[in-house]
Amino acid sequence: RLLGNLMVTAYGRCGSLDDALDAFNRIDHPNIFSGNALLAAFANNGRLDVARRMLQTMPQRDVVSWTTVVVALAAAGGSYIDEAVALFEAMPERNAVAWNGLISALAENGQVDQAWHIFLRMEEPDIVSWNAMVGGYARNGRIEEAKEIFDRSPAQDVVSWNTIIQGYAQNGLLQQAKELLDRALARDAASWNALIAAYTSSGHMEQAKELFDQMPQPDVVSWTSLLLGYAENGQLQLAERLFGVMPQRDVIAWNAMIAAYASQGKVDTAEAVFHRMPGRSLVSWNAILSGYALHGGDRLNQAKRVFDH
RNA sequence: CACGCUAUUUUGCU
């Protein structure tokens with residue numbers, strides 16, 4: 001059953017709802033974990049109608065079930081926001097994850113003021129709540145308020161620091177982001193990576209490389225950011241070289257390389273990489289197909305060939 | 001007895 005639950009989740013994560021449902025039906029005596037896994041599969045793949053109905057009809061439901069649907073509704077935005085809040089208010093019990101999930105989803109959707117009001121209703125917001133608000137304000141371009149909340153939060157963990165660093169970086173305030181990185185009390189690879197990505201995407205490859213060389217332990221994210229930065233800044237050969245020497249490559253790194261070749265019109269090389277990689281995601285397909293669409297000319301037909309394989 | 005399967009906050013790919 002444990003394995004069955006995992007399969008439901010796995011299929012849900014990759015959007016295969018039919019397979020998720022099959023996996024669920026093969027579980028001997030589905031428990032609430034199984035039900036919640038299936039519910040999440042629907043909720044996280046846009047089947048809000050099904051998720052809503054399932055929440056009412058499933059044999060047992062708990063705070064996880066409710067939270068799954070509340071967050072999915074809030075993440076959908078638009079008119080679903082009010083419904084999410086109403087459902088949240090109707091929950092028989094709410095734990096920290098429920099509160100935090102709603103706050104995060106609202107803030108992600110541009111409803112950061114509403115998120116703040118709900119935050120204020122929490123008896124004891126935890127560090128995730130605070131971090132969610134910091135990130136929410138930052139993502140909505142309100143970096144000063146984000147910083148105020150960061151400063152006012154009772155404790156800061158590595159995620160807090162990363163969130164505020166990323167906040168400055170994504171608002172184009174690279175200097176401030178760098179200063180925060182330098183004096184952060186908690187840092188991990190993501191702290192450096194946030195800034196590296198900001199540098200590469202704004203064309204500051206020298207600074208990106210410098211940070212990469214300075215950081216204690218570059219991870220696959222650091223390597224991929226730098227690689228893609230070179231590719232996008234006209235240095236495809238450097239990108240290739242990095243790809244060749246990076247310690248491990250995950251599917252995102254492979255996809256980045258495909259996208260790099262595809263965007264340069266090297267569709268054959270992109271296709272070779274596509275075939276050579278150990279596993280493909282939906283993004284791999286999109287990357288290779290967009291290469292053909294952009295540069296293939298008549299080759300769009302060949303794209304169909306790849307697709308049919 | 002713990003731990004492991006489901007919902008929440010930070011960094012890279014279309």
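Just so we're on the same page: letters track the sequence lines, and every chain starts at 1.
Counted within 6.0 Å of CD on E206(A), heavy atoms from surrounding residues, nucleotides or ligands total more than 12; the atom is thus considered enclosed. Counting heavy-atom neighbours within 6.0 Å of Q217(A) CD, excluding the residue itself, gives a total of 12 or less. Sparse packing is recorded around CD of E144(A), with 12 or fewer heavy atoms of other residues, nucleotides or ligands lying under 6.0 Å away. For D18(A), the CG atom sits in a loose shell: 12 or fewer heavy atoms of surrounding residues, nucleotides or ligands are nearer than 6.0 Å.
For the pair R94(A) and rA7(B), the criterion of a side-chain N or O lying under 4.0 Å from OP1 or OP2 is not met. Not one side-chain nitrogen or oxygen of R187(A) sits closer than 4.0 Å to the OP1 or OP2 atom of rU10(B).
No engagement by D188(A) is indicated, since no non-hydrogen atom pair under 4.0 Å with the nucleic acid exists. Across all strands shown, R280(A) has no heavy atoms under 4.0 Å from either base or sugar-phosphate atoms. A256(A) comes within 4.0 angstrom of sugar-phosphate atoms only, judged by non-hydrogen atoms across all strands, and of no base. T224(A) comes within contact range of at least one nucleobase, with a heavy-atom separation under 4.0 Å. Within the 4.0 angstrom heavy-atom criterion, base atoms lie near L2(A). Within 4.0 Å of T68(A), counting heavy atoms only, lie sugar-phosphate atoms of the nucleic acid but no base atom. D250(A) comes within 4.0 angstrom of a base, heavy atoms only. Nucleic acid contact class of V134(A) (heavy atoms, under 4.0 Å, all strands): none. The residue R13(A) sits close only to the backbone: its heavy atoms come under 4.0 Å of sugar-phosphate atoms, none of a base.
The nucleotide whose nearest atom lies closest to any side-chain atom of A132(A) is, among rC5(B), rU9(B), rG12(B), rU9(B). Considering only the side chain of N95(A), rA7(B) comes nearest among rU11(B), rA7(B), rG12(B). Closest to the side chain of V128(A), from the set rC13(B), rU9(B), rU6(B), is rU9(B). The listed nucleotides are rU10(B), rU14(B), rU6(B); the one nearest the side chain of A287(A) is rU14(B). Listed nucleotides: rU9(B), rC13(B), rU11(B). Nearest to the side chain of R139(A): rU9(B). Listed candidates were rU8(B), rG12(B), rC5(B). Nearest to the side chain of V71(A) is rU8(B). Checking rC13(B), rA7(B), rU10(B) against the side-chain heavy atoms of V159(A) singles out rU10(B) as nearest. In this structure, the nucleotide among rU14(B), rA7(B), rU11(B) sitting nearest to the side chain of A194(A) is rU11(B). When each of rA7(B), rG12(B), rU10(B) is scored by its nearest atom to the side-chain atoms of V64(A), the top-ranked nucleotide is rA7(B).
As rounded to whole Å, 14 Å separates atom C1' of rU11(B) from atom CG of N131(A). For N36(A) and rU8(B), the CG to C1' distance is 14 Å, given to the nearest whole Å. Going from atom CG of L180(A) over to atom C1' of rU10(B) covers 14 Å, rounded to whole Å. Put simply, CE on M215(A) is 13 Å from P on rG12(B), counting in whole angstrom units. To the nearest angstrom, P of rG12(B) lies 18 Å from CD of Q248(A). Atoms NZ (K147(A)) and C1' (rU10(B)) sit 16 Å apart, rounded to a whole Å. One atom, CG of N162(A), and another, C1' of rU10(B), lie 5 Å apart when rounded to the nearest Å. With rounding to whole Å, L211(A) atom CG is found 15 Å from rG12(B) atom P.
A ring-centre distance under 6.0 Å is found for W99(A) and F88(A).
Smallest separation of non-hydrogen atoms from A239(A) and Y230(A): N-CB, 4.0 Å.
You won't find any donor-acceptor pair under 3.5 Å spanning the side chain of N100(A) and the base of rA7(B), going by distance alone.
Contact check on D49(A) versus R53(A) returns no salt bridge, with no Lys/Arg side-chain nitrogen under 4.0 Å from an Asp/Glu carboxylate oxygen. Between R142(A) and E148(A) there is no salt bridge, since no side-chain N of the basic residue sits under 4.0 Å from a carboxylate O of the acidic one.
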- Task: Might you work through the side-chain contact (heavy atoms from CB on, under 4.5 Å) test for L39(A) and V64(A), ending with a clear yes or no?
- Result: CA-CA 10 Å; L39(A) 181 66; V64(A) 174; over 6 Å; no
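Within residues 74-89 of chain A, no residue approaches RNA chain B, by heavy-atom distance under 4.0 Å.
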